[in-house]
Amino acid sequence: MDAFTTSLLKRIKDTESDLSRAREAGDDFLVDVEQEELNDLHQLAAEHGVEIDVAA
């Protein structure tokens with residue numbers, strides 16, 4: 001796995017964790033911010049052919 005893919009997958013995992021924490025805290029604004037970031041990262045992954053294991 002190259003550095004780009006490794007970094008992208010880590011960013012996705014970190015953002016998913018941040019999104020979960022925002023949901024648990026009931027912070028609707030932060031949920032929106034983190035969800036948009038996650039959407040952007042998923043789009044970037046799709047554009048570069050990076051497969052995301054959604055079960056992980």
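These figures come from a predicted structure and were not determined experimentally.
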Glu37: what forms a salt bridge (charged side-chain N to carboxylate O under 4.0 Å, His left out) with it, not counting sequence neighbours?
-> Arg11

In Å, rounded to the nearest 0.5 Å, how long is the span from [atom1] of [X] to [atom2] of [Y]?
X: Leu41; Y: Lys13; atom1: CG; atom2: NZ; answer: 14.5 Å
X: His48; Y: Asp2; atom1: NE2; atom2: CG; answer: 10.5 Å
X: Asp14; Y: Glu34; atom1: CG; atom2: CD; answer: 10.0 Å

Taking only residues at least two apart or on different chains, which pairs with a member in residues 18-27 satisfy salt bridge (charged side-chain N to carboxylate O under 4.0 Å, His left out)?
-> Asp18-Arg21

Got a donor-acceptor contact below 3.5 angstrom from the Ser20 side chain to the Glu16 backbone?
-> yes

Just by modelled atom types, is the Met1 backbone N or O under 3.5 Å from a matching donor or acceptor in the Thr5 side chain?
-> no

Taking every heavy atom of Ile12 against every heavy atom of Ala45, the minimum-distance pair comes out as CD1-CB, 4.5 Å

Measure across Leu38 and Leu19 and return the closest heavy-atom pair with its distance rounded to 0.1 Å.
-> CD2-CD2, 4.0 Å

Do Asn39 and His42 pass the side-chain contact (heavy atoms from CB on, under 4.5 Å) test, and can you show the C-alpha distance, the side-chain angles, and the key distance before you say yes or no?
-> CA-CA 5 Å; Asn39 292 346; His42 279 240; 5.8 Å; no

Is the count of non-hydrogen atoms from other residues, nucleotides or ligands lying under 6.0 Å from Glu51 atom CD greater than 12?
-> no

For residues 7-38, pull every pair meeting ring-ring contact (aromatic ring centres under 6.0 Å, His included), keeping only residues two or more places apart or in separate chains.
-> none

Check the hydrophobic clustering (I, L, V, M, F, W, Y; side-chain heavy atoms under 4.5 Å; chains of links allowed) and say if Val33 and Leu44 are grouped together.
-> no

